[in-house]
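Step one of this worksheet: look at the structure below.
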Amino acid sequence: MGKKRIDKEFKIEAVRLASEPGNTQSGIERDLGISQGIISRWKRELFRDGDQAFPGKGRLKPDDDELRRLKRENERLRRERDILKKAVAIFSEDPNRYSDS
């Protein structure tokens, strides 16, 4: 049997249940059939990332996705700048250098 797919709502509900008076994390993990200690990890992620926690398999949190997009754009702009610098250098050279006279 493969890994279970657990969605964001399930994780949030598990953290909520484990936080209720009278419940324990280990008891909720056992009742839900999830690994011991996983609710602690989910709690940390939820505290750290808030609404952006648990974006889903293969997805990035919106801030991380934006950062990746900006890094790609920055790299593209650097390449364009370097090409323009080379072009300026070529056209700034002695014009007589390429003439037939």
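Start at 1 with the first residue, then count along the sequence.
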* Asked: Roughly how far apart are Ser19 OG and Gln25 CD, rounded to 0.5 Å?
  -> 7.5 Å
Could you list the donor-acceptor pairs under 3.5 angstrom formed by side chains in residues 74-90, with sequence neighbours left out?
from, atom 1, to, atom 2, distance (Å)
Arg76, NH1, Glu80, OE2, 2.6

* To do: Step by step, work out the side-chain contact (heavy atoms from CB on, under 4.5 Å) result for Phe10 and Ile34.
  => CA-CA 11 Å; Phe10 180 92; Ile34 55 179; 4.1 Å; yes
* To do: Compare every heavy atom of Ile38 with every heavy atom of Glu29, then report the nearest pair and how far apart it is.
  => OE2-N, 3.2 Å
* Enter the distance from Ser40:OG to Glu45:CD here, rounded to the nearest 0.5 Å. => 11.5 Å
* Apply side-chain contact (heavy atoms from CB on, under 4.5 Å) to the pair Ile12 and Arg16, showing each step before the final yes or no. => CA-CA 6 Å; Ile12 292 170; Arg16 188 191 66 72; 5.5 Å; no
* Asked: Is a donor on one side and an acceptor on the other found under 3.5 Å between the side chain of Asn23 and the backbone of Ala18?
  -> no
* Structure fact -> Here the gap from Ile39 atom CD1 to Leu46 atom CG, rounded to the nearest 0.5 Å, amounts to 12.0 Å
* To do: Taking atom types as modelled, find out whether Ser26 and Gln36 have a side-chain donor-acceptor pair closer than 3.5 angstrom.
  => no
* Could you tell me the separation between the CG atom of Leu17 and the CG atom of Leu32, rounded to the nearest 0.5 Å? => 6.5 Å
